[in-house]
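What follows is one structure encoded as C-alpha coordinates, with my remarks underneath.
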Amino acid sequence: YLYNPNYTNGFDFVSASLHYKPKKRILKEVLIGDYSLNFGQGLLIWTGFSMGKGVTSTRSDKNGLTLLPYHSSDEVHFMRGVSARFAHQNISFIPFISYKQVDAEIQPDSTIRSIRINGLHRTENEISQKDAIEELLIGGHINYKRSNKQIGFQIVSMNYSFPFEYQSNYQKQYSTGNQTTLSSIDHSVVGKNWQFFGELAINQSGKTAFIEGLNFYATPNITFNTTIRKYSAGYKSFYANSFGERSYANNEIGFYNGININLGNSYALKTYFDLYAFPSFSYGEGKAVHGQDFFSEIQKKLSAKSLIYLRLKNEKRTTQVAEQTSESITRVRIHYKTTQGILTLQSRVEGSISNKKDKGFLIFQDIKTKFRGFNLTTRLAFFDTPNFQSAIYAYQPNVLYAFRSMAYYNQGYQFIIMSKIHITHQVKLWIKLQRLTYTNKNKVSSSYYETTTPHLTDITFQLQLLL
(Lines give C-alpha, C1' and ligand atoms only; values in the text may rest on other atoms or scores of the structure.)
Protein backbone atom coordinates (compact mmCIF):
# COMPACT_ATOMS: atom_id res chain seq x y z
CA TYR A 1 0.00 0.00 0.00
CA LEU A 2 0.92 3.66 -0.39
CA TYR A 3 2.22 4.57 3.04
CA ASN A 4 -0.25 6.48 5.18
CA PRO A 5 0.27 6.49 8.96
CA ASN A 6 -3.45 7.09 9.50
CA TYR A 7 -4.58 4.20 7.28
CA THR A 8 -4.26 0.50 8.05
CA ASN A 9 -6.01 -2.40 6.44
CA GLY A 10 -4.26 -5.53 7.68
CA PHE A 11 -3.10 -8.10 5.13
CA ASP A 12 -3.44 -7.14 1.50
CA PHE A 13 -4.51 -10.64 0.45
CA VAL A 14 -5.78 -13.54 2.55
CA SER A 15 -6.52 -17.02 1.22
CA ALA A 16 -7.85 -20.08 3.06
CA SER A 17 -9.61 -23.32 2.24
CA LEU A 18 -11.14 -26.34 3.94
CA HIS A 19 -10.66 -29.63 2.08
CA TYR A 20 -12.74 -32.55 3.33
CA LYS A 21 -12.64 -36.09 1.94
CA PRO A 22 -15.52 -38.07 3.46
CA LYS A 23 -15.52 -41.83 3.29
CA LYS A 24 -18.75 -41.93 1.32
CA ARG A 25 -19.76 -44.07 -1.62
CA ILE A 26 -20.58 -41.16 -3.94
CA LEU A 27 -19.38 -37.93 -2.29
CA LYS A 28 -15.59 -38.01 -2.64
CA GLU A 29 -14.46 -34.54 -1.58
CA VAL A 30 -15.72 -31.10 -0.59
CA LEU A 31 -13.84 -27.81 -0.86
CA ILE A 32 -14.88 -24.62 0.90
CA GLY A 33 -12.93 -21.40 0.46
CA ASP A 34 -10.30 -20.88 -2.23
CA TYR A 35 -9.78 -23.66 -4.75
CA SER A 36 -8.50 -24.42 -8.26
CA LEU A 37 -10.33 -25.99 -11.20
CA ASN A 38 -8.64 -27.61 -14.21
CA PHE A 39 -10.85 -28.83 -17.07
CA GLY A 40 -9.95 -30.40 -20.39
CA GLN A 41 -7.18 -28.64 -22.31
CA GLY A 42 -7.68 -25.27 -20.61
CA LEU A 43 -9.97 -23.58 -23.13
CA LEU A 44 -12.64 -22.88 -20.52
CA ILE A 45 -11.02 -23.03 -17.08
CA TRP A 46 -7.51 -23.98 -15.98
CA THR A 47 -6.43 -22.13 -12.85
CA GLY A 48 -3.51 -24.40 -11.95
CA PHE A 49 0.10 -24.05 -13.00
CA SER A 50 0.75 -24.84 -16.64
CA MET A 51 3.98 -24.93 -18.65
CA GLY A 52 4.12 -23.61 -22.19
CA LYS A 53 5.98 -24.57 -25.33
CA GLY A 54 9.57 -25.70 -25.12
CA VAL A 55 9.64 -27.29 -21.70
CA THR A 56 8.59 -30.70 -23.02
CA SER A 57 8.42 -30.46 -26.79
CA THR A 58 6.64 -33.76 -27.32
CA ARG A 59 3.64 -33.07 -25.10
CA SER A 60 1.08 -30.34 -25.69
CA ASP A 61 -1.75 -31.98 -23.73
CA LYS A 62 -2.69 -30.97 -20.21
CA ASN A 63 -3.01 -33.35 -17.30
CA GLY A 64 -3.78 -32.54 -13.72
CA LEU A 65 -6.22 -32.85 -10.83
CA THR A 66 -9.55 -31.26 -11.68
CA LEU A 67 -10.32 -29.99 -8.17
CA LEU A 68 -7.79 -29.07 -5.51
CA PRO A 69 -7.16 -26.49 -2.77
CA TYR A 70 -5.66 -23.19 -3.89
CA HIS A 71 -2.15 -22.46 -2.61
CA SER A 72 -0.63 -20.01 -5.10
CA SER A 73 0.28 -16.35 -4.56
CA ASP A 74 -1.76 -15.22 -7.62
CA GLU A 75 -4.57 -13.00 -6.31
CA VAL A 76 -6.97 -13.40 -9.26
CA HIS A 77 -6.90 -16.77 -11.03
CA PHE A 78 -8.69 -18.95 -8.50
CA MET A 79 -12.20 -19.77 -7.29
CA ARG A 80 -13.63 -18.64 -3.95
CA GLY A 81 -16.73 -20.44 -2.77
CA VAL A 82 -17.85 -24.06 -2.63
CA SER A 83 -17.22 -27.10 -4.83
CA ALA A 84 -17.50 -30.86 -4.46
CA ARG A 85 -16.70 -34.01 -6.40
CA PHE A 86 -19.21 -36.84 -6.72
CA ALA A 87 -18.22 -40.12 -8.34
CA HIS A 88 -19.96 -43.39 -9.08
CA GLN A 89 -18.38 -46.15 -11.14
CA ASN A 90 -17.09 -44.43 -14.33
CA ILE A 91 -18.82 -41.07 -13.92
CA SER A 92 -17.73 -38.07 -11.86
CA PHE A 93 -19.48 -34.74 -11.38
CA ILE A 94 -18.10 -31.45 -10.02
CA PRO A 95 -20.54 -28.56 -9.38
CA PHE A 96 -19.00 -25.26 -8.32
CA ILE A 97 -19.91 -21.74 -7.31
CA SER A 98 -17.45 -18.90 -6.84
CA TYR A 99 -17.91 -15.33 -5.69
CA LYS A 100 -15.16 -12.79 -5.12
CA GLN A 101 -14.23 -9.17 -5.65
CA VAL A 102 -11.67 -8.43 -8.32
CA ASP A 103 -9.37 -5.47 -8.98
CA ALA A 104 -10.40 -3.57 -12.10
CA GLU A 105 -10.22 -0.23 -13.87
CA ILE A 106 -13.71 1.24 -14.33
CA GLN A 107 -14.27 3.78 -17.10
CA PRO A 108 -16.38 6.97 -16.65
CA ASP A 109 -19.30 5.29 -18.45
CA SER A 110 -19.34 2.52 -15.77
CA THR A 111 -17.87 -0.17 -18.00
CA ILE A 112 -14.83 -2.34 -17.30
CA ARG A 113 -11.72 -1.22 -19.11
CA SER A 114 -9.49 -3.97 -17.75
CA ILE A 115 -9.09 -6.46 -14.91
CA ARG A 116 -5.88 -5.97 -12.95
CA ILE A 117 -4.04 -9.17 -12.12
CA ASN A 118 -0.76 -8.08 -10.47
CA GLY A 119 -2.29 -7.67 -6.99
CA LEU A 120 -0.32 -4.47 -6.28
CA HIS A 121 -1.91 -1.60 -4.32
CA ARG A 122 0.88 0.94 -3.97
CA THR A 123 -0.66 4.21 -5.20
CA GLU A 124 -3.94 6.06 -4.79
CA ASN A 125 -4.95 4.92 -8.28
CA GLU A 126 -4.17 1.25 -7.59
CA ILE A 127 -5.94 1.42 -4.23
CA SER A 128 -9.05 2.89 -5.88
CA GLN A 129 -9.13 -0.11 -8.25
CA LYS A 130 -8.93 -2.69 -5.46
CA ASP A 131 -12.02 -4.97 -5.34
CA ALA A 132 -13.74 -2.66 -7.83
CA ILE A 133 -16.03 -5.32 -9.34
CA GLU A 134 -17.88 -8.40 -8.17
CA GLU A 135 -17.51 -11.71 -9.97
CA LEU A 136 -19.89 -14.67 -9.72
CA LEU A 137 -19.19 -17.98 -11.46
CA ILE A 138 -21.63 -20.89 -11.46
CA GLY A 139 -21.03 -24.08 -13.35
CA GLY A 140 -20.34 -27.77 -13.44
CA HIS A 141 -18.18 -30.49 -14.95
CA ILE A 142 -19.14 -34.06 -15.73
CA ASN A 143 -16.66 -36.68 -16.85
CA TYR A 144 -16.96 -40.26 -18.09
CA LYS A 145 -13.84 -42.42 -17.98
CA ARG A 146 -13.51 -46.07 -18.88
CA SER A 147 -10.38 -48.01 -19.59
CA ASN A 148 -8.44 -45.98 -22.16
CA LYS A 149 -11.17 -43.43 -22.98
CA GLN A 150 -12.51 -40.34 -21.30
CA ILE A 151 -14.91 -37.59 -22.30
CA GLY A 152 -15.84 -34.51 -20.32
CA PHE A 153 -18.35 -31.68 -20.52
CA GLN A 154 -18.21 -28.40 -18.63
CA ILE A 155 -20.32 -25.25 -18.55
CA VAL A 156 -19.91 -21.99 -16.68
CA SER A 157 -21.84 -18.75 -16.33
CA MET A 158 -19.58 -15.76 -15.64
CA ASN A 159 -21.32 -12.73 -14.13
CA TYR A 160 -19.84 -9.30 -13.34
CA SER A 161 -21.23 -6.24 -11.58
CA PHE A 162 -20.10 -3.98 -14.47
CA PRO A 163 -20.21 -4.76 -18.21
CA PHE A 164 -17.29 -5.45 -20.52
CA GLU A 165 -17.82 -2.95 -23.34
CA TYR A 166 -14.83 -1.96 -25.45
CA GLN A 167 -14.40 0.70 -28.14
CA SER A 168 -10.97 0.00 -29.67
CA ASN A 169 -10.81 -2.02 -32.88
CA TYR A 170 -8.97 -4.97 -31.41
CA GLN A 171 -10.97 -5.14 -28.15
CA LYS A 172 -14.46 -4.50 -29.50
CA GLN A 173 -14.88 -8.18 -30.39
CA TYR A 174 -14.48 -9.09 -26.71
CA SER A 175 -17.42 -7.03 -25.44
CA THR A 176 -19.63 -9.45 -23.48
CA GLY A 177 -21.75 -7.24 -21.23
CA ASN A 178 -22.32 -8.26 -17.63
CA GLN A 179 -22.77 -11.96 -18.29
CA THR A 180 -21.43 -14.64 -20.58
CA THR A 181 -21.95 -18.40 -20.73
CA LEU A 182 -19.30 -20.76 -22.04
CA SER A 183 -19.25 -24.53 -22.45
CA SER A 184 -16.85 -27.12 -23.80
CA ILE A 185 -16.41 -30.80 -24.46
CA ASP A 186 -13.04 -32.53 -24.15
CA HIS A 187 -11.81 -36.04 -24.86
CA SER A 188 -8.82 -38.35 -24.65
CA VAL A 189 -8.36 -41.78 -26.24
CA VAL A 190 -5.24 -43.86 -25.57
CA GLY A 191 -4.06 -46.73 -27.79
CA LYS A 192 -1.10 -49.07 -27.62
CA ASN A 193 1.41 -46.43 -28.73
CA TRP A 194 -0.68 -43.31 -29.33
CA GLN A 195 -3.05 -40.84 -27.70
CA PHE A 196 -5.64 -38.51 -29.24
CA PHE A 197 -6.78 -35.57 -27.11
CA GLY A 198 -8.65 -32.32 -27.64
CA GLU A 199 -11.30 -29.84 -26.60
CA LEU A 200 -13.96 -27.73 -28.33
CA ALA A 201 -15.35 -24.67 -26.52
CA ILE A 202 -18.11 -22.23 -27.48
CA ASN A 203 -19.54 -19.04 -25.98
CA GLN A 204 -23.10 -17.75 -26.08
CA SER A 205 -22.35 -15.74 -29.24
CA GLY A 206 -21.28 -18.85 -31.12
CA LYS A 207 -17.55 -18.05 -31.10
CA THR A 208 -15.42 -21.16 -30.68
CA ALA A 209 -12.00 -22.34 -29.57
CA PHE A 210 -10.65 -25.70 -30.70
CA ILE A 211 -7.55 -27.82 -30.09
CA GLU A 212 -6.78 -31.37 -31.21
CA GLY A 213 -3.55 -33.27 -30.78
CA LEU A 214 -1.81 -36.62 -31.20
CA ASN A 215 0.98 -38.13 -29.13
CA PHE A 216 2.62 -40.98 -31.06
CA TYR A 217 5.21 -43.23 -29.43
CA ALA A 218 6.93 -44.62 -32.54
CA THR A 219 9.55 -46.58 -30.58
CA PRO A 220 10.64 -46.59 -26.94
CA ASN A 221 13.18 -43.93 -27.94
CA ILE A 222 11.18 -41.74 -30.35
CA THR A 223 8.04 -39.75 -29.53
CA PHE A 224 6.11 -37.42 -31.84
CA ASN A 225 3.49 -34.81 -31.10
CA THR A 226 1.35 -32.90 -33.57
CA THR A 227 -1.30 -30.38 -32.52
CA ILE A 228 -3.62 -28.03 -34.36
CA ARG A 229 -5.46 -25.15 -32.71
CA LYS A 230 -7.96 -22.52 -33.80
CA TYR A 231 -9.12 -19.94 -31.29
CA SER A 232 -11.67 -17.45 -32.63
CA ALA A 233 -11.04 -13.75 -32.14
CA GLY A 234 -14.40 -13.28 -30.42
CA TYR A 235 -13.94 -16.16 -27.98
CA LYS A 236 -12.74 -15.19 -24.52
CA SER A 237 -12.64 -16.88 -21.15
CA PHE A 238 -10.90 -15.00 -18.35
CA TYR A 239 -9.83 -18.33 -16.82
CA ALA A 240 -8.54 -19.97 -20.03
CA ASN A 241 -4.95 -21.24 -19.94
CA SER A 242 -4.40 -23.18 -23.12
CA PHE A 243 -1.54 -24.40 -25.30
CA GLY A 244 -0.29 -21.91 -27.86
CA GLU A 245 1.88 -18.92 -28.55
CA ARG A 246 -0.32 -17.09 -26.05
CA SER A 247 -2.16 -18.87 -23.27
CA TYR A 248 -5.56 -17.15 -23.24
CA ALA A 249 -7.20 -19.05 -26.13
CA ASN A 250 -8.34 -16.32 -28.48
CA ASN A 251 -7.39 -14.89 -31.88
CA GLU A 252 -4.87 -17.60 -32.72
CA ILE A 253 -4.48 -20.45 -35.17
CA GLY A 254 -1.49 -22.76 -35.20
CA PHE A 255 0.09 -26.01 -36.34
CA TYR A 256 2.67 -27.50 -33.96
CA ASN A 257 4.99 -30.49 -34.40
CA GLY A 258 7.47 -31.81 -31.85
CA ILE A 259 9.79 -34.79 -31.52
CA ASN A 260 11.77 -36.27 -28.65
CA ILE A 261 14.59 -38.71 -29.44
CA ASN A 262 16.68 -40.73 -27.00
CA LEU A 263 20.00 -40.85 -28.83
CA GLY A 264 21.70 -43.30 -26.50
CA ASN A 265 24.80 -42.84 -24.35
CA SER A 266 22.73 -40.54 -22.09
CA TYR A 267 22.02 -38.07 -24.91
CA ALA A 268 18.52 -36.80 -25.69
CA LEU A 269 17.22 -34.44 -28.38
CA LYS A 270 13.94 -32.53 -28.41
CA THR A 271 12.79 -30.21 -31.15
CA TYR A 272 9.60 -28.47 -32.22
CA PHE A 273 8.43 -26.22 -35.04
CA ASP A 274 5.29 -24.14 -34.66
CA LEU A 275 3.53 -22.10 -37.35
CA TYR A 276 0.98 -19.64 -35.96
CA ALA A 277 -1.05 -16.55 -36.80
CA PHE A 278 -3.18 -13.96 -35.03
CA PRO A 279 -5.75 -13.41 -37.80
CA SER A 280 -7.62 -10.49 -36.22
CA PHE A 281 -6.50 -7.23 -34.63
CA SER A 282 -4.09 -7.53 -31.70
CA TYR A 283 -2.78 -4.90 -29.32
CA GLY A 284 -0.48 -2.55 -31.25
CA GLU A 285 -1.12 -4.39 -34.53
CA GLY A 286 -3.14 -2.99 -37.42
CA LYS A 287 -3.29 -6.24 -39.36
CA ALA A 288 -2.98 -10.00 -38.99
CA VAL A 289 0.28 -11.35 -37.57
CA HIS A 290 2.04 -14.45 -38.88
CA GLY A 291 4.89 -16.17 -37.12
CA GLN A 292 7.08 -19.24 -36.82
CA ASP A 293 8.81 -20.65 -33.75
CA PHE A 294 11.69 -23.13 -33.85
CA PHE A 295 13.19 -24.80 -30.78
CA SER A 296 15.87 -27.45 -30.35
CA GLU A 297 17.65 -28.79 -27.28
CA ILE A 298 20.27 -31.50 -26.87
CA GLN A 299 20.83 -32.81 -23.36
CA LYS A 300 23.59 -34.96 -21.92
CA LYS A 301 23.07 -36.74 -18.60
CA LEU A 302 26.52 -36.82 -17.07
CA SER A 303 25.52 -38.88 -14.05
CA ALA A 304 22.49 -39.67 -11.92
CA LYS A 305 22.72 -36.17 -10.42
CA SER A 306 24.34 -34.08 -13.16
CA LEU A 307 23.24 -32.89 -16.60
CA ILE A 308 24.10 -30.30 -19.21
CA TYR A 309 22.06 -29.05 -22.15
CA LEU A 310 22.42 -26.71 -25.12
CA ARG A 311 19.28 -24.94 -26.33
CA LEU A 312 18.52 -22.90 -29.46
CA LYS A 313 15.30 -20.94 -30.02
CA ASN A 314 14.46 -18.78 -33.02
CA GLU A 315 11.20 -16.92 -33.59
CA LYS A 316 10.11 -14.68 -36.47
CA ARG A 317 6.85 -12.81 -37.00
CA THR A 318 5.35 -9.95 -38.96
CA THR A 319 4.53 -6.88 -36.92
CA GLN A 320 3.66 -3.20 -37.12
CA VAL A 321 5.22 -2.16 -33.83
CA ALA A 322 7.35 1.02 -34.18
CA GLU A 323 6.85 0.94 -37.97
CA GLN A 324 8.64 -2.40 -38.30
CA THR A 325 7.18 -4.92 -40.71
CA SER A 326 8.84 -7.94 -39.10
CA GLU A 327 10.79 -8.93 -36.03
CA SER A 328 12.94 -11.86 -35.01
CA ILE A 329 14.58 -13.12 -31.84
CA THR A 330 17.19 -15.85 -31.48
CA ARG A 331 18.33 -17.23 -28.12
CA VAL A 332 21.12 -19.71 -27.38
CA ARG A 333 21.52 -21.23 -23.91
CA ILE A 334 23.95 -23.58 -22.22
CA HIS A 335 22.87 -24.88 -18.83
CA TYR A 336 24.65 -27.12 -16.32
CA LYS A 337 23.30 -28.65 -13.11
CA THR A 338 24.92 -31.01 -10.64
CA THR A 339 24.32 -32.24 -7.10
CA GLN A 340 27.18 -33.27 -4.86
CA GLY A 341 26.15 -34.26 -1.36
CA ILE A 342 24.39 -31.31 0.30
CA LEU A 343 25.39 -28.93 -2.51
CA THR A 344 23.51 -28.29 -5.78
CA LEU A 345 25.08 -26.04 -8.42
CA GLN A 346 23.21 -24.62 -11.39
CA SER A 347 24.97 -22.49 -14.01
CA ARG A 348 23.61 -20.81 -17.12
CA VAL A 349 24.95 -18.69 -19.96
CA GLU A 350 22.44 -17.38 -22.49
CA GLY A 351 22.66 -14.96 -25.39
CA SER A 352 20.00 -13.27 -27.51
CA ILE A 353 19.92 -11.43 -30.84
CA SER A 354 16.84 -9.31 -31.60
CA ASN A 355 16.14 -8.17 -35.16
CA LYS A 356 19.66 -9.26 -36.19
CA LYS A 357 21.29 -6.29 -34.41
CA ASP A 358 20.40 -6.00 -30.70
CA LYS A 359 22.57 -8.45 -28.76
CA GLY A 360 22.26 -9.38 -25.11
CA PHE A 361 23.44 -11.93 -22.57
CA LEU A 362 22.58 -13.40 -19.17
CA ILE A 363 24.94 -15.29 -16.86
CA PHE A 364 23.88 -16.67 -13.52
CA GLN A 365 25.07 -19.07 -10.86
CA ASP A 366 22.73 -20.74 -8.37
CA ILE A 367 24.02 -22.48 -5.23
CA LYS A 368 21.70 -24.55 -3.06
CA THR A 369 22.67 -26.21 0.21
CA LYS A 370 20.72 -28.48 2.53
CA PHE A 371 21.43 -28.81 6.22
CA ARG A 372 19.41 -30.45 8.93
CA GLY A 373 16.36 -28.23 9.36
CA PHE A 374 17.76 -25.49 7.11
CA ASN A 375 17.97 -24.92 3.32
CA LEU A 376 19.80 -22.04 1.66
CA THR A 377 19.50 -20.88 -1.97
CA THR A 378 21.53 -18.10 -3.60
CA ARG A 379 21.73 -16.61 -7.09
CA LEU A 380 24.20 -14.17 -8.61
CA ALA A 381 23.26 -12.98 -12.10
CA PHE A 382 24.77 -10.51 -14.57
CA PHE A 383 22.84 -9.29 -17.61
CA ASP A 384 23.19 -6.84 -20.49
CA THR A 385 20.38 -6.57 -23.03
CA PRO A 386 19.67 -3.33 -24.93
CA ASN A 387 15.86 -3.44 -24.88
CA PHE A 388 12.82 -5.47 -23.88
CA GLN A 389 12.68 -7.23 -27.26
CA SER A 390 16.05 -8.83 -26.54
CA ALA A 391 15.19 -9.66 -22.91
CA ILE A 392 16.21 -13.07 -21.56
CA TYR A 393 13.86 -14.96 -19.26
CA ALA A 394 14.61 -17.20 -16.30
CA TYR A 395 12.59 -18.66 -13.44
CA GLN A 396 13.41 -17.17 -10.05
CA PRO A 397 14.13 -19.01 -6.79
CA ASN A 398 11.00 -18.38 -4.78
CA VAL A 399 8.95 -19.29 -1.73
CA LEU A 400 6.50 -22.19 -1.69
CA TYR A 401 3.72 -22.07 -4.34
CA ALA A 402 5.10 -18.87 -5.90
CA PHE A 403 6.30 -19.00 -9.52
CA ARG A 404 7.88 -16.12 -11.40
CA SER A 405 9.76 -15.89 -14.66
CA MET A 406 11.75 -12.65 -14.77
CA ALA A 407 12.64 -10.72 -17.93
CA TYR A 408 16.26 -9.59 -17.65
CA TYR A 409 16.91 -6.45 -19.71
CA ASN A 410 19.00 -3.26 -19.48
CA GLN A 411 22.38 -3.67 -17.77
CA GLY A 412 23.00 -4.80 -14.23
CA TYR A 413 23.27 -7.61 -11.75
CA GLN A 414 21.01 -9.45 -9.33
CA PHE A 415 21.61 -11.12 -6.01
CA ILE A 416 19.14 -13.46 -4.30
CA ILE A 417 19.46 -15.22 -0.97
CA MET A 418 16.61 -17.36 0.32
CA SER A 419 16.38 -19.66 3.31
CA LYS A 420 13.86 -22.29 4.31
CA ILE A 421 13.85 -23.03 8.03
CA HIS A 422 12.16 -26.07 9.54
CA ILE A 423 11.22 -24.63 12.90
CA THR A 424 9.30 -27.78 13.83
CA HIS A 425 7.71 -30.62 11.85
CA GLN A 426 4.55 -28.50 11.59
CA VAL A 427 6.08 -25.02 11.15
CA LYS A 428 8.26 -23.89 8.23
CA LEU A 429 9.55 -20.40 7.49
CA TRP A 430 10.83 -18.95 4.19
CA ILE A 431 12.81 -15.71 4.06
CA LYS A 432 13.91 -14.22 0.72
CA LEU A 433 16.00 -11.12 -0.04
CA GLN A 434 16.52 -9.88 -3.60
CA ARG A 435 18.57 -6.91 -4.77
CA LEU A 436 18.39 -5.90 -8.46
CA THR A 437 20.91 -3.22 -9.44
CA TYR A 438 21.11 -1.42 -12.79
CA THR A 439 24.47 -0.09 -13.97
CA ASN A 440 23.24 1.91 -16.97
CA LYS A 441 20.78 4.27 -15.23
CA ASN A 442 20.41 6.27 -12.03
CA LYS A 443 16.77 5.50 -11.27
CA VAL A 444 14.25 2.75 -11.82
CA SER A 445 10.74 2.99 -13.29
CA SER A 446 8.74 6.23 -13.54
CA SER A 447 5.82 8.18 -12.14
CA TYR A 448 4.63 6.89 -8.74
CA TYR A 449 7.00 3.92 -8.95
CA GLU A 450 10.15 5.90 -9.67
CA THR A 451 13.08 5.36 -7.31
CA THR A 452 15.92 7.75 -6.55
CA THR A 453 18.46 4.92 -6.67
CA PRO A 454 19.47 2.48 -9.45
CA HIS A 455 18.36 -0.59 -7.51
CA LEU A 456 15.27 -2.40 -6.26
CA THR A 457 15.12 -4.48 -3.09
CA ASP A 458 12.44 -7.08 -2.35
CA ILE A 459 11.97 -8.91 0.95
CA THR A 460 9.58 -11.86 1.18
CA PHE A 461 8.47 -13.87 4.21
CA GLN A 462 6.31 -16.99 4.20
CA LEU A 463 5.15 -19.05 7.16
CA GLN A 464 3.56 -22.49 6.75
CA LEU A 465 1.60 -24.11 9.57
CA LEU A 466 0.64 -27.78 9.12
CA LEU A 467 -2.27 -28.76 11.35
Side-chain angles (χ1 to χ4, degrees), residues 1-15 71-76 103 116-127 129-130 344-350 360-369 371 374-388 390-423 428-464:
Y1 278 103
L2 186 70
Y3 176 71
N4 184 337
N6 301 315
Y7 177 72
T8 58
N9 197 43
F11 291 106
D12 188 43
F13 175 68
V14 177
S15 178
H71 297 301
S72 181
S73 58
D74 186 313
E75 298 183 21
V76 179
D103 294 0
R116 297 184 63 249
I117 63 174
N118 61 17
L120 298 176
H121 307 105
R122 303 163 294 183
T123 67
E124 295 289 354
N125 187 50
E126 290 179 348
I127 292 172
Q129 295 172 4
K130 179 176 172 60
T344 297
L345 302 177
Q346 187 169 239
S347 310
R348 179 179 299 179
V349 178
E350 185 166 351
F361 73 85
L362 165 68
I363 302 172
F364 74 69
Q365 176 67 56
D366 288 358
I367 302 176
K368 301 178 182 180
T369 58
F371 302 98
F374 180 80
N375 295 357
L376 185 68
T377 300
T378 62
R379 168 172 292 182
L380 181 61
F382 297 90
F383 57 94
D384 184 352
T385 59
N387 49 47
F388 187 75
S390 59
I392 299 176
Y393 296 82
Y395 279 100
Q396 305 295 292
N398 223 323
V399 298
L400 185 66
Y401 303 129
F403 298 93
R404 183 192 176 197
S405 179
M406 177 178 167
Y408 290 89
Y409 66 100
N410 283 312
Q411 297 175 2
Y413 57 91
Q414 175 197 45
F415 177 71
I416 296 175
I417 182 168
M418 183 177 70
S419 64
K420 176 185 176 183
I421 305 169
H422 299 259
I423 300 174
K428 298 179 179 65
L429 173 66
W430 284 260
I431 304 174
K432 177 185 173 183
L433 171 66
Q434 173 181 279
R435 168 63 69 93
L436 182 64
T437 302
Y438 293 95
T439 57
N440 64 331
K441 53 185 180 180
N442 297 320
K443 58 185 180 181
V444 182
S445 196
S446 59
S447 187
Y448 288 109
Y449 320 120
E450 185 175 293
T451 68
T452 57
T453 59
H455 57 256
L456 293 172
T457 303
D458 294 331
I459 301 176
T460 304
F461 297 89
Q462 184 181 77
L463 184 68
Q464 183 186 46

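Other residues, nucleotides and ligands contribute only 12 or fewer heavy atoms inside 6.0 Å of the CD1 atom of Ile117.
Judged purely by atom type and a 3.5 angstrom limit, Glu350 has no side-chain atom pairing as donor or acceptor with the backbone of Ile392. A donor-acceptor pair is defined here as one N or O able to donate and one able to accept, closer than 3.5 Å; such a pair exists between the side chain of Lys432 and the backbone of Pro397. With Thr378 contributing its side chain and Ile416 its backbone, the two residues share no donor-acceptor pair below 3.5 Å.
Partners of Lys428 according to the side chain to side chain contact (heavy atoms under 4.5 Å, CB included) rule, which considers only residues two or more places apart in sequence or in another chain, are Lys420, His422, Trp430, Gln464, Leu466. A search for side chain to side chain donor-acceptor pair (under 3.5 Å) contacts involving Thr439 returns nothing, not counting sequence neighbours. For Phe361, there are no ring-ring contact (aromatic ring centres under 6.0 Å, His included) partners, not counting sequence neighbours. For Phe461, there are no ring-ring contact (aromatic ring centres under 6.0 Å, His included) partners, not counting sequence neighbours. Under the salt bridge (charged side-chain N to carboxylate O under 4.0 Å, His left out) criterion, Asp366 pairs with Arg379, not counting sequence neighbours. Remark: Tyr409 engages Phe388 in a ring-ring contact (aromatic ring centres under 6.0 Å, His included) (not counting sequence neighbours). Scored by the side chain to side chain donor-acceptor pair (under 3.5 Å) test, Thr457 finds Arg435 as partners (sequence neighbours excluded). For Asn387, the side chain to side chain donor-acceptor pair (under 3.5 Å) partners two or more places apart in sequence, or in a different chain, are Asp358, Ser390. Qualifying side chain to side chain donor-acceptor pair (under 3.5 Å) partners for Ser347, counting only residues two or more places apart in sequence or in other chains: Gln365. Applying the side chain to side chain contact (heavy atoms under 4.5 Å, CB included) criterion to Asp103, with sequence neighbours excluded, gives Arg116, His121, Lys130, Asp131. By the side chain to side chain contact (heavy atoms under 4.5 Å, CB included) test, His71 is found to be paired with Pro69, Tyr401, residues two or more places apart in sequence or in another chain being considered. With sequence neighbours excluded, the residues satisfying side chain to side chain contact (heavy atoms under 4.5 Å, CB included) with Asp458 are Gln434.
Nearest heavy atom pair, residue Ala394 against residue Arg348, reads CB-NH1, 3.7 Å. Residues Leu429 and Ile431 approach most closely at CD2-CD1, 3.9 Å, considering heavy atoms. Among all heavy-atom pairs drawn from Ala407 and Ala391, the shortest one is CB-CB, 4.2 Å. The minimum heavy-atom distance between Leu376 and Ser419, with the atom names listed, is CD1-CB, 4.2 Å. Nearest heavy-atom pair, Leu362 versus Ala381, reported as atom, atom and distance to 0.1 Å: CD1-CB, 4.3 Å. Between Phe371 and Thr369, the closest heavy-atom pair is CE1-OG1, 3.4 Å.
Here the CG-CG distance, from Leu400 to Leu463, works out to 11.5 Å after rounding to the nearest 0.5 Å. For the atom pair Gln411 CD and Phe382 CZ, the distance stands at 13.0 Å (nearest 0.5 Å). Tyr438 OH to Leu456 CG: the interatomic distance, rounded to the nearest 0.5 Å, is 6.0 Å. Rounded to the nearest 0.5 angstrom, Ile127 CD1 and Leu120 CG are separated by 11.5 Å. We find the NZ-CD distance between Lys443 and Glu450 to be 4.0 Å, quoted to the nearest 0.5 Å.
Exactly one of Tyr393, Tyr408, Phe364 qualifies for a ring-ring contact (aromatic ring centres under 6.0 Å, His included) with Phe383. That residue is Tyr408.
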